[in-house]
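Read the structure below first, then the notes.
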Amino acid sequence: MKRFTAWRRRPWAGYAVVLAALAAIGVIYAGFQPQPERAEAANTAQAADDLKNGKQLFDKNCASCHGLNAEGSKDAKGKPLAPSLIGVGAASVDFQVSTGRMPAMNPGAQMPRKKPIPEFDTGINTDYEDPEQRARAEKQKAQAEKNLADLRAYINSLGGGPAVPSAEMVDPKKGDVALGGKLFRTNCAQCHNFVGAGGALTGGKYAPPLDKSDVTPTQIYEAMLTGPQAMPVFNDTTLTEEDKRAVIAYLVQTRQEPNPGGNGLGRIGPVSEGLAGWLIGIGLLVLAAMWITAKKPKKLKKS
């Protein structure tokens, strides 16, 4: 006790007490204070892991055509084989990969839509009665969604570009169907047909059909935003976000409309319907005339 009293009477004892109190307060405050720096560091580390996975997926599935640095490639004559992906953005990657057009197995005049490869197949069926099979399918689907997101993030890190639209931007229920029909007939019907049934173009290319349920609203928006293959780009200065959503609303409603006559015949209007009616009607009349004239009349008996 005497030793403590003697220590307390020293001239620097007061300063030591103050420093100890401040240190204790700092420790207590730090314990209750949120730590954004740690969270930010964790997010940065996760983002780095995602980019690393995206780079690995790119090297495995894309680099053979688009180059190790996504700079594109050319043949011996200098003719482009695969375009540069620098600056194309996440929306272009999401459209090409989710529709199965990329990776391309056999490059040609136009890449057809096909089932995505398993690493990016986000549409895998998970509706199984067996719990183990359902859990396995859900895990595979989640990994495919992550792989696609990581690949988008990697390509986007190379030079930015159009982003994937949000759910609100592609919601057909919020679109103006009448406006969408007008815009579609003005800007799209020349190639895709006025109901989105698709059509032929020059040079072995074609406008794909948009009247199938597997063509999602997000993919339609991304196609307008990025202009894949022979399609022109409809950026926000040409068609605003509201205009694109209106076009999506028109296409979705058109899919749901029934065909009163039975077969839609491509739903291209009175030309195909008139041609079918003419050929079938005249054909039936010709067959009937041939059947009638083929029967020889019986000779009249003499009275």
Side-chain angles (χ1 to χ4, degrees), residues 61-62 65-66 80-83 85 88-117 120-124 144 148 151-152 161-162 164-165 169-170 172 175 177 180-235 238-239 243-257 259 263-269 271-272:
N61 299 286
C62 316
C65 294
H66 292 282
L81 292 176
L85 299 182
V88 300
S92 179
V93 176
D94 189 73
F95 173 81
Q96 297 288 353
V97 177
S98 67
T99 59
R101 291 178 168 89
M102 294 291 162
M105 300 297 107
N106 298 306
Q110 182 162 328
M111 300 301 106
R113 184 187 182 102
K114 61 182 184 298
K115 183 178 177 62
I117 63 175
F120 302 112
D121 188 7
T122 59
I124 185 173
L148 182 55
L151 182 62
R152 293 196 308 258
V164 176
M169 294 166 65
V170 301
V177 176
K182 180 179 179 181
L183 292 171
F184 187 85
R185 288 187 293 271
T186 302
N187 298 283
C188 316
Q190 296 88 342
C191 298
H192 287 282
N193 171 295
F194 77 98
V195 291
L201 301 175
T202 59
K205 299 180 181 180
Y206 58 92
L210 306 176
D211 56 352
K212 307 297 182 183
S213 59
D214 59 346
V215 181
T216 66
T218 298
Q219 293 169 353
I220 296 173
Y221 194 105
E222 291 170 342
M224 290 187 282
L225 192 62
T226 62
Q229 303 183 109
M231 183 173 172
V233 175
F234 294 96
N235 54 32
T238 305
L239 291 179
D243 292 340
K244 293 184 180 70
R245 186 164 53 193
V247 171
I248 292 172
Y250 167 74
L251 289 172
V252 171
Q253 177 172 298
T254 304
R255 295 174 185 172
Q256 301 170 353
E257 292 179 353
N259 296 311
N263 193 318
L265 299 176
R267 307 184 79 175
I268 59 177
V271 175
S272 63

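- Under the 4.5 Å side-chain criterion, counting only non-hydrogen atoms from C-beta, F120 is in contact with L151.
- What you find for P209 and A197 is that their closest heavy atoms are CB-O, 3.4 Å.
- Rounding to the nearest 0.5 Å gives a distance of 7.5 Å between CD of Q229 and OH of Y206.
- Looking only at side-chain heavy atoms (C-beta outward), F194 and T254 stay at 4.5 Å or farther from each other.
- Separation of atoms CG (L183) and OH (Y250) is listed at 11.0 Å; rounding is to 0.5 Å.
- Contact of the M224 side chain with the I248 side chain is registered, since non-hydrogen atoms from C-beta on lie closer than 4.5 Å.
- The two residues C191 and A207 have their closest heavy-atom pair at O-CB, 3.3 Å.
- Judged purely by atom type and a 3.5 angstrom limit, R255 uses its side chain to pair as donor or acceptor with the backbone of K212.
- Contact detail for P165 and T218: the closest heavy-atom pair is CG-CG2, 4.1 Å.
- A donor atom on one side chain and an acceptor atom on the other are not found under 3.5 Å apart for Q219 and T99.
- H66 has its side chain within reach of P83: a pair of non-hydrogen atoms, C-beta onward, lies under 4.5 Å apart.
- Partners of R185 according to the salt bridge (charged side-chain N to carboxylate O under 4.0 Å, His left out) rule, which considers only residues two or more places apart in sequence or in another chain, do not exist here.
- K244 places a side-chain N or O within donor-acceptor distance of the main-chain N or O of L239, the cut-off being under 3.5 Å.
- If you take OG1 on T238 and CG on D243, they are separated by 10.0 Å, rounding to the nearest 0.5 Å.
- Atom CG of residue L225 and atom CZ of residue F234 lie 11.5 Å apart, to the nearest 0.5 angstrom.
- Taking all atoms of both residues into account, the shortest heavy-atom contact from A249 to P172 is CB-O, 3.3 Å.
- Note that CE of M105 and CD1 of I117 are 6.5 Å apart. Values are rounded to the nearest 0.5 Å.
- In this structure, L210 and F184 have side chains that are in contact, with non-hydrogen atoms separated by less than 4.5 Å.
- When all heavy atoms are compared, the tightest approach of K205 to A230 is CD-CB, 3.9 Å.
- The NE2 atom of H192 lies 9.5 Å from the CD1 atom of I220; values are rounded to the nearest 0.5 Å.
- When all heavy atoms are compared, the tightest approach of L251 to G196 is CD2-CA, 4.4 Å.
- Side-chain contact check for V170 versus R245: every heavy-atom pair is 4.5 Å or farther apart.
- Between R101 and P208 there is a side-chain heavy-atom pair separated by less than 4.5 Å.
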Just distance, no hydrogens or angles: give the donor-acceptor pairs under 3.5 Å from side chains in residues 88-97, sequence neighbours left out.
{"unit_1": "D94", "atom_1": "OD1", "unit_2": "R152", "atom_2": "NH1", "d": "2.9"}

